[in-house]
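What follows is a short report on a single structure.
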Amino acid sequence: MSKGLVSIGSIIDYPTVHEKHVIGKVELILKNTIVVRDRFEDTHLVLIKTLEEDGVTVDDETYVYKNRYSRS
């Protein structure tokens, strides 16, 4: 069972790839990592594997923007 869902705009509190602890807002979801911006406007990378090991689900569909309209 999942503890929660992380998507763009979520606030997370997890260790970074450099073993530092970060609290911040999810800016971007990449293939293996999440880009998090802290209160000092610095960006950090958090491994998706770390979140999944803790039971958190990552919404990897958020970054795919679909347009219903075409220019034809």
Side-chain angles (χ1 to χ4, degrees):
M1 180 175 225
S2 176
K3 286 185 177 181
L5 177 69
V6 171
S7 61
I8 293 176
S10 299
I11 304 295
I12 64 170
D13 180 5
Y14 272 91
T16 66
V17 294
H18 301 291
E19 302 301 323
K20 294 183 179 180
H21 202 77
V22 66
I23 300 172
K25 183 177 180 181
V26 175
E27 293 268 318
L28 185 65
I29 299 173
L30 303 171
K31 185 174 182 178
N32 295 317
T33 57
I34 293 175
V35 178
V36 177
R37 188 171 303 273
D38 65 10
R39 65 185 175 128
F40 302 110
E41 296 297 318
D42 294 329
T43 56
H44 306 275
L45 295 174
V46 176
L47 289 173
I48 291 177
K49 183 178 177 182
T50 304
L51 295 168
E52 290 175 344
E53 287 174 354
D54 198 31
V56 177
T57 305
V58 177
D59 181 16
D60 56 357
E61 296 290 323
T62 302
Y63 65 92
V64 179
Y65 297 104
K66 298 179 181 175
N67 190 352
R68 297 183 311 180
Y69 305 105
S70 65
R71 299 186 121 198
S72 47

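All figures in this text were calculated on a predicted structure; none of them were measured in a lab.
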Worksheet item: Can you tell me how far CG of Asp59 sits from CD1 of Ile8, rounded to the nearest 0.5 angstrom?
Response: 8.0 Å
Worksheet item: Do Val6 and Ile23 sit in the same hydrophobic cluster, where Ile, Leu, Val, Met, Phe, Trp and Tyr count as joined when their side-chain heavy atoms come under 4.5 Å apart?
Response: no
Worksheet entry | Any Ile34 side-chain heavy atom under 4.5 Å of Tyr14 side chain | no
Worksheet item: How would you list all residue pairs meeting side chain to side chain donor-acceptor pair (under 3.5 Å) that involve residues 36-49, not counting sequence neighbours?
Response: Asp38-His44
Discussion item. Under the criterion side chain to side chain contact (heavy atoms under 4.5 Å, CB included), I'd like the reasoning laid out for Val35 against Leu45: C-alpha separation, chi angles, the key distance, then a yes or no.
Written reply: CA-CA 5 Å; Val35 178; Leu45 295 174; 3.7 Å; yes
Worksheet item: Taking only residues at least two apart or on different chains, which pairs with a member in residues 12-24 satisfy salt bridge (Lys or Arg N to Asp or Glu O under 4.0 Å)?
Response: none
Worksheet item: Taking only residues two or more places apart in sequence, or in another chain, which ones meet Leu47 in a side-chain contact (heavy atoms from CB on, under 4.5 Å)?
Response: Val17, Thr33, Thr50
Discussion item. For the NE2 atom on His18, are there more than 12 heavy atoms of other groups (residues, nucleotides or ligands in this structure) within a distance under 6.0 Å?
Written reply: no
Worksheet item: What pair of heavy atoms forms the shortest contact from Ile29 to Ser7, and how long is it?
Response: CD1-CA, 4.0 Å
Worksheet item: Would a 4.5 Å heavy-atom cut-off, applied to side chains only, mark Leu5 and Thr57 as touching?
Response: yes
